[in-house]
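For reference, the structure is listed below as structure tokens.
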Amino acid sequence: MDDSFEFDGKVPPSFDRVDAEAKGLNPGLIVLLIVGGLLLTFLVGNYALYLYAQRTLPPRKKKPVSKKKMKKEKLKQGVSAPGE
């Protein structure tokens with residue numbers, strides 16, 4: 001190969017850092033900021049809804065325990081079930 005090629009002091013445009021400040025924000029940075037802002041908004045909104053629901057909604061009712069399960073638990077504890 002011929003190694004006699006020289007740049008003659010010219011810098012390729014992709015490496016020219018003088019114009020980088022005049023172009024504005026990087027498009028990748030803009031997308032990152034938008035996605036990050038949407039994610040942050042989503043998380044803050046969910047937390048706000050969670051706090052609102054904790055204050056306003058009544059507590060959940062427990063499922064009724066069947067007589068069969070109550071009898072089994074009492075036998076497990078050593079207490080005889082009523083009627084036996």
Does the pair Glu73 and Lys76 meet the rule for a side-chain contact (heavy atoms from CB on, under 4.5 Å), with working shown? CA-CA 5 Å; Glu73 285 294 321; Lys76 198 184 282 185; 3.8 Å; yes
Of all residues at least two apart in sequence or in a different chain, which pass the side chain to side chain contact (heavy atoms under 4.5 Å, CB included) check with Leu32? none
Distance from Lys69 atom NZ to Lys63 atom NZ, nearest 0.5 Å? 8.0 Å
Partners meeting side chain to side chain contact (heavy atoms under 4.5 Å, CB included) with Lys68 (sequence neighbours left out): Ser66
Show which residues join Val35 in its hydrophobic cluster (side-chain heavy-atom contacts under 4.5 Å, direct or indirect), or state none. Val31
Would you tabulate the side-chain donor-acceptor contacts of residues 37-56 under 3.5 Å, counting partners in other chains and residues two or more places apart, or write 'none'?
residue, atom, partner, partner atom, Å
Thr41, OG1, Gly37, O, 2.7
Thr56, OG1, Tyr52, O, 2.8

